[in-house]
Amino acid sequence: MKVIDLTHTISEDMPVFPGSETPKLTTKSTYEKDGFKETLLQMYSHVGTHMDPPAHIFANRKTLDQFSPEQFIGKALVVDCRI
């Protein structure tokens with residue numbers, strides 16, 4: 001089976017839903033000052049690649065962690081819409 005990764009790279013200039021704020025990545029620790037690098041990531045849950053579980057719009061419904069990973073694997077059709 002061929003696996004196609006549909007994830008988006010998180011960046012401050014990535015496309016977002018109109019009206020949503022773009023992610024903010026702030027360097028908080030550096031190799032030179034702290035001996036390690038760490039970035040504070042601030043973003044809404046609807047930025048980039050994501051799935052909406054039933055709990056997103058219905059109270060007391062399933063969240064994504066309540067689904068087995070196997071439910072998200074299967075046959076698909078890829079359509080290249082680039083011009």
Side-chain angles (χ1 to χ4, degrees):
M1 171 174 56
K2 181 178 179 181
V3 175
I4 300 173
D5 183 359
L6 299 176
T7 58
H8 291 265
T9 301
I10 297 170
S11 68
E12 292 184 331
D13 61 349
M14 68 185 299
V16 297
F17 188 79
S20 294
E21 295 178 28
T22 57
K24 298 199 181 4
L25 286 77
T26 308
T27 301
K28 289 298 196 178
S29 303
T30 64
Y31 299 118
E32 298 76 22
K33 180 181 171 207
D34 307 293
F36 62 95
K37 182 180 178 183
E38 189 168 32
T39 302
L40 173 65
L41 170 62
Q42 296 173 289
M43 65 181 222
Y44 286 94
S45 59
H46 279 84
V47 172
T49 308
H50 71 280
M51 292 188 293
D52 288 334
H56 174 60
I57 55 174
F58 300 110
N60 304 313
R61 298 291 295 270
K62 280 187 173 186
T63 55
L64 282 179
D65 61 308
Q66 295 173 315
F67 290 92
S68 69
E70 292 78 21
Q71 288 187 260
F72 304 105
I73 298 172
K75 293 181 179 180
L77 173 68
V78 176
V79 178
D80 187 348
C81 297
R82 294 176 290 188
I83 295 175

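Rounding to the nearest 0.5 Å places CD1 of Ile73 at 8.5 Å from OG of Ser68.
The environment of OH in Tyr44 is sparse: at most 12 heavy-atom neighbours from other residues, nucleotides or ligands sit within 6.0 Å. For CG of Asn60, the number of neighbouring non-hydrogen atoms (other residues, nucleotides, ligands) closer than 6.0 Å is 12 at most.
Contact between His8 and Gly48 at its shortest, heavy atoms only, is CD2-C, 4.2 Å. Here the closest non-hydrogen pair linking Gln66 and Thr63 is OE1-N, 2.7 Å.
Contact check for Phe72 versus Met51: side-chain heavy atoms found under the 4.5 Å cut-off.
With sequence neighbours excluded, the residues satisfying ring pair (Phe, Tyr, Trp, His ring centres under 6.0 Å) with His46 are His50, His56.
Under the 4.5 Å side-chain heavy-atom criterion for ILVMFWY residues, a single connected hydrophobic cluster contains both Leu41 and Val47.
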Please output the side-chain donor-acceptor pairs of residues 21-39 that fall under 3.5 Å, not counting sequence neighbours, one pair per line with the distance.
residue	atom	partner	partner atom	Å
Thr22	OG1	Glu12	O	3.4
Thr30	OG1	Lys33	N	3.1
Asp34	OD2	Thr30	N	2.9

